[in-house]
Number of protein chains: 2
Amino acid sequence: MNQILRIVLIEDDDIIRMGYQSLLNDVDDFNVVNAYASYDLAKKHLETDNPDVILLDIQMPGTNGLQALPIIKKALPSTNIIILTVFDSPELVFEALTMGAGGYLTKNSSAAKIIDAVREVSTGGGAMSTNVARIVMHSFQKNLNSPLTKRETEILDRIANGQTKPQIANDLFIDQETVRSHVKNIYIKLDVNSKADAIKTAKEKRFI
Amino acid sequence: MNQILRIVLIEDDDIIRMGYQSLLNDVDDFNVVNAYASYDLAKKHLETDNPDVILLDIQMPGTNGLQALPIIKKALPSTNIIILTVFDSPELVFEALTMGAGGYLTKNSSAAKIIDAVREVSTGGGAMSTNVARIVMHSFQKNLNSPLTKRETEILDRIANGQTKPQIANDLFIDQETVRSHVKNIYIKLDVNSKADAIKTAKEKRFI
DNA sequence: ATGCTATCCCCCAGAAAGGGGGATATTTTT
DNA sequence: AAAAATATCCCCCTTTCTGGGGGATAGCAT
């Protein structure tokens, strides 16, 4: 499977775009089939370009990269898209990943990293620069000093998944009153007095 | 800040452990202060070892790596831990990340990748091998073909965060009856008839 | 031995949920 | 321009759930 990878660039800065183009074209099995200064310019050609991988900037005139991402993904579901941008705020990163980006690189990435990333996402993999990996990993980390006990956490987790107290009681083979007891303690510990506030507080503090 | 990085290895395979030890000790600013065949052997020495980074295997006799992870994190909060294992199932990866791992590498990682990872996590960053990045990124991707409208998704999302219909109505400046209408349609589209089932189905299908 | 945890019990009023049945205006799609 | 989808609002109703108050008890860990 040493096939030529068809690549499309969408990047508004002429210098950067041409730089990436020559960088990627120098790789034996890469072929930059087209390079556009915006998504609006690219959209009518993407079907025929039929790229395996698109390198997509976020900031550009007209439809921006994050807006374009789901549109492209729907039109060309098998195309893998790498966001290539100077921005690395958590909001942008999560937005891009939920919308189907296969990679997220910041523009300080080395040539080798970019080439690796293209190869990686072309097989359905994931690629991100270290600063992005940092953001993503931090989003997973739970607070290890939660005031909630195991049981309380278990119950709050189920509440956050929409289960009612009777349902929880049933699932855990305990009485509704026991669930109620735990919930009371959860509310005291989190200093709240409603389901919504408990979930909100617990998520903010990463207890669940 | 060109300080020597103090490193501890916890890995039960003698050959592999010694291999990593010599690999890392060959790096100028790295110092493998100790290497143990299990966490149970390591635990009484970790405080004095005072490592900046720990490379931690999952599979080992006695307390395994994932069990040890939160314990170490609590005892040495400023120590950054990299999981180094042959396993890369989503469950293990998520477990490790939520428990505070700063990196997750599989053992097919190159020497350069491992060295990079140690450096990266020592500054609080994140490091993962490409197969792990793949798992993590896929966990973020939403289904772009949700049957739910924007408004319905917004409302279901709020329900999943514990808000009641009156609260949602208030936040969105619409009538409770409107919220009710949307919820009815959500239930029909998802073929459910309760909050819990709606959340469950929507999460499974990645609509929210 | 004291505290924390998990379990269960009762009272109560008010709130919320979910199943029906609609209507209407605005958008979007065709 | 017509048809479909969406977002908004209205009424009926019963059942279920919630949260606040007051407890008790057995086991486990420090």
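Only this structure's heavy atoms are used, side chains among them; waters, hydrogens and symmetry mates stay out. Every chain is numbered from 1 and lettered A, B, ... according to where its sequence line falls, protein lines coming before strand lines. What you see is a predicted model, and the numbers here were worked out from it, not measured in a lab.
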- prompt: How long is the span from the CD1 atom in I159(B) to the CD1 atom in I186(B), to the nearest 0.5 Å?
  reply: 5.5 Å
message: Among residues at least two apart in sequence or on other chains, which ones pass side-chain contact (heavy atoms from CB on, under 4.5 Å) with A133(B)?
response: M128(A), M128(B)
field: Residues in side-chain contact (heavy atoms from CB on, under 4.5 Å) contact with T63(B), at least two apart in sequence or another chain
entry: Y39(B), D40(B), Q67(B), A68(B)
- request: Quick one: pull up CD1 in I174(A) and CG in L172(A) and give me the separation to the nearest 0.5 Å.
  value: 5.0 Å
query: Nearest-Å distance, NZ (K165(B)) to P (dA15(C))?
result: 16 Å
field: Summary of ring pair (Phe, Tyr, Trp, His ring centres under 6.0 Å) pairs that have at least one residue in residues 176-208 of chain A, sequence neighbours excluded
entry: none
message: Under the rule for ring-ring contact (aromatic ring centres under 6.0 Å, His included), what residues qualify as partners of H45(B), not counting sequence neighbours?
response: Y36(B)
message: For a quick test of reading the model, state the closest non-hydrogen atom pair linking A96(B) to I83(B) and the distance between them.
response: CB-CG1, 4.0 Å
- line: Residues in residues 145-161 of chain B with a heavy atom under 4.0 Å of DNA chain D, by number, are T149(B), R151(B)
statement: Residues passing the side-chain contact (heavy atoms from CB on, under 4.5 Å) test with E95(B), sequence neighbours excluded, are L66(B), M99(B)
- prompt: Of the non-hydrogen atoms in S139(B) and R206(B), which two are nearest, and what is the gap between them?
  reply: O-NH1, 3.3 Å
message: Without decimals, in angstroms, what is the distance between I168(B) CD1 and dA17(C) C1'?
response: 12 Å
query: Salt bridge or not for E177(A) and K165(A), using N-O below 4.0 Å?
result: no
- request: For DNA chain C, determine which residues of residues 172-189 of chain B have any heavy atom closer than 4.0 angstrom to one of its atoms, and list them numerically.
  value: R180(B), S181(B), K184(B), Y187(B)
- request: Would you name the heavy atoms of V53(B) and V118(B) that are closest together and state the gap between them?
  value: CG2-O, 3.9 Å
task: Report, as yes or no, whether the 6.0 Å neighbourhood of atom NZ on K200(B) holds more than 12 heavy atoms from other residues, nucleotides or ligands.
output: no
message: Does anything in residues 196-208 of chain B come within less than 4.0 Å of DNA chain D? Heavy atoms only, and list the residues if so.
response: none
- request: Write down the distance between CD (Q163(B)) and P (dA16(C)), rounded to a whole number of angstrom.
  value: 12 Å
query: Considering all heavy atoms of both residues, which atom of S38(B) and which atom of I10(B) are nearest to each other, and what is their separation?
result: C-CG2, 3.5 Å
- request: Identify, with sequence neighbours excluded, every residue that meets side-chain contact (heavy atoms from CB on, under 4.5 Å) alongside Q59(B).
  value: F87(B)
statement: Angle separating the five-pair end axes of the helix from dA1(C)-dT30(D) to dT30(C)-dA1(D), nearest 10°, is 80°
- prompt: At their closest point, which heavy atom of A160(A) faces which heavy atom of I208(A), and how far apart are they?
  reply: CB-CD1, 4.0 Å
- prompt: Where does the chain A footprint on DNA chain D start and end, counting 5' to 3' with a 4.0 Å heavy-atom cut-off?
  reply: dC17(D) to dG23(D)
field: Stretch residues 66-75 of chain A: residues that reach within less than 4.0 Å of DNA chain C through a heavy atom
entry: none
query: Between D12(A) and P61(A), which heavy-atom pair has the shortest distance, and what is it?
result: CB-CD, 3.7 Å
- prompt: Does R6(B) reach the main-chain N or O of N50(B) with its side chain, forming a donor-acceptor pair under 3.5 Å?
  reply: yes
field: Euclidean distance, Q21(B) CD relative to N34(B) CG, rounded to 0.5 Å
entry: 8.0 Å
